[in-house]
Q: 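Dropping a structure here in structure tokens format, bear with me for questions.
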Protein chains: 2
Amino acid sequence: MLNQKSDLNRLFGALSDPARRTMVERLSRGPAPVSELASLLPMSLPSVMQHLGVLENAGIVRSEKVGRVRTCSIAPEAFSAAEHWINARRTQWEQRLDRLGTYLASQSEEPDDAP
Amino acid sequence: MLNQKSDLNRLFGALSDPARRTMVERLSRGPAPVSELASLLPMSLPSVMQHLGVLENAGIVRSEKVGRVRTCSIAPEAFSAAEHWINARRTQWEQRLDRLGTYLASQSEEPDDAP
DNA sequence: TTAATACTAAAGTAATTGCCTAACTATTTT
DNA sequence: AAAATAGTTAGGCAATTACTTTAGTATTAA
């Protein structure tokens, strides 16, 4: 009943579904109406609407209705929070591996028990 | 009952949970035993084990048991599939926005209905 | 003005997820 | 050998998810 998921929960969660990734892939080429997104997916229109809701809630997609057509598009900065988090992690363990490498190199140059 | 989710389903799905991200954040600083991961999380040890299973299944974490201690660490290339997918999308719509910008600029330079 | 289009709302269902407790196995430590 | 430690297995339960069908509401086209 509590709907206070973090940005990252919603972002990664939204991207974890293949139907939603298909929608995002289509929208990365440019805006499209709901019905076109639906035409790419083997499911009912209401289901597509629900997926769209998840993507909007995650801040990945925006949409606007004009007349009876709702046009969807990728939001600017759609993935930035996810990219940030991943980059921070990668940086962290790459640095650690660097330090480990340096340490191992120093160990082989001047071993503790050298004569 | 079918467990044939794609790499990306499992990757993004694994990262969509805050407990699992906490584990990954810890492991990005270096290897740790299960019990240390558990000490960071407000849940039972069996639950931590399940999260660990999800992370391993997603290829994000590896682990090895020596004696009675299981040591976990980040897998090399942990995030690469996710990074690839995101970069491909971003590249796609950035290119599209570039073309759109070029088009709009050309339109304002030589308008159709100019004198 | 009727009919077709493009969504939207509501409610139901089966599977999955994220947690738990209780009981168990293997390895140290005392 | 007995006790403590570190993890594992099994089973259960409530919430969430990913769908469905049915029945609407606006808009636009004929």
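The sequence lines fix the lettering, A, B, ..., with proteins before strands; numbering per chain opens at 1.
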Q: Could you check whether atom CZ of Arg96(B) has more than 12 heavy atoms from other residues, nucleotides or ligands sitting under 6.0 Å from it?
A: yes

Q: What is the separation between atom NZ on Lys65(A) and atom P on dT28(D), rounded to the nearest whole Å?
A: 10 Å

Q: May I ask you to list the residues of residues 19-51 of chain A, by number, that have any heavy atom positioned under 4.0 Å from an atom of DNA chain D?
A: Arg20(A), Met43(A), Ser44(A), Pro46(A), Ser47(A), Gln50(A), His51(A)

Q: Expressed in angstrom and rounded to an integer, what is the separation of Asn9(B) atom CG from dT16(C) atom P?
A: 13 Å

Q: Which protein N or O atoms sit under 3.5 Å from an N or O of nucleotides 1-5 of chain D?
A:
| from | atom 1 | to | atom 2 | distance (Å) |
| --- | --- | --- | --- | --- |
| dT5(D) | O2 | Arg68(B) | NH1 | 2.6 |

Q: Polar-atom pairs under 3.5 Å, protein N or O versus N or O of nucleotides 1-3 of chain C: list them with distances, or write none.
A:
none

Q: What about Leu27(A) and Val69(A), same hydrophobic cluster or not, with Ile/Leu/Val/Met/Phe/Trp/Tyr joined at side-chain heavy-atom distances under 4.5 Å?
A: no

Q: Let me see the working for Val24(A) and Ile74(A) under side-chain contact (heavy atoms from CB on, under 4.5 Å), right down to the final yes or no.
A: CA-CA 7 Å; Val24(A) 171; Ile74(A) 295 284; 3.8 Å; yes

Q: For residues Asp98(B) and Glu94(B), determine if any side-chain heavy atom of one lies less than 4.5 Å from a side-chain heavy atom of the other.
A: no

Q: Partners of Trp85(B) by side-chain hydrogen bond (donor to acceptor under 3.5 Å, both in side chains), sequence neighbours excluded?
A: Glu25(A)

Q: Say you draw a straight line from OG1 of Thr22(B) to CG of Asp17(B); how long is it, rounded to the nearest 0.5 Å?
A: 8.5 Å

Q: Measure from the side-chain N and O atoms of Arg26(B) to the backbone N and O of Leu37(B), and report whether any donor-acceptor pair falls under 3.5 Å.
A: no

Q: Can you measure Leu52(B) atom CG to dC19(C) atom C1' for me and round it to whole angstrom units?
A: 16 Å

Q: Residues two or more places apart in sequence or in another chain: which of them pass salt bridge (charged side-chain N to carboxylate O under 4.0 Å, His left out) with Arg21(B)?
A: none

Q: Under a 3.5 Å distance rule, please check whether Asn57(A) uses its side chain to pair with a backbone N or O of Gly53(A) as donor and acceptor.
A: no

Q: If I take atom CG from residue Leu15(A) and atom CZ from residue Arg89(B), how far apart are they, to the nearest 0.5 angstrom?
A: 10.5 Å

Q: Find the distance Arg70(A):CZ to dT5(C):C1' and express it as a whole number of Å.
A: 16 Å

Q: CG of Leu45(A) to OG of Ser39(A): how many Å apart, nearest 0.5 Å?
A: 10.5 Å

Q: Using 0.5 Å steps for rounding, measure from the OG atom of Ser35(B) to the CZ atom of Arg70(B).
A: 12.0 Å

Q: How many Å lie between CD on Glu64(A) and C1' on dA6(C), as a whole number?
A: 16 Å

Q: Using a 3.5 Å limit for the pairing distances, which stems of at least 3 consecutive Watson-Crick or G-U wobble pairs does DNA chain D take part in?
A: C:1-30 with D:1-30

Q: Quickly work out the Asn57(B) CG to dG18(C) P distance and round it to whole Å.
A: 13 Å

Q: Between C1' on dT16(D) and CG on Asp17(A), what's the gap in Å once rounded to a whole number?
A: 14 Å

Q: How long is the span from the CD atom in Glu56(A) to the SG atom in Cys72(A), to the nearest 0.5 Å?
A: 6.5 Å

Q: Where each residue is assigned the nucleotide of DNA chain C containing its nearest heavy atom, which of Gly67(B) and Val69(A) is assigned the position nearer the 5′ end?
A: Val69(A)

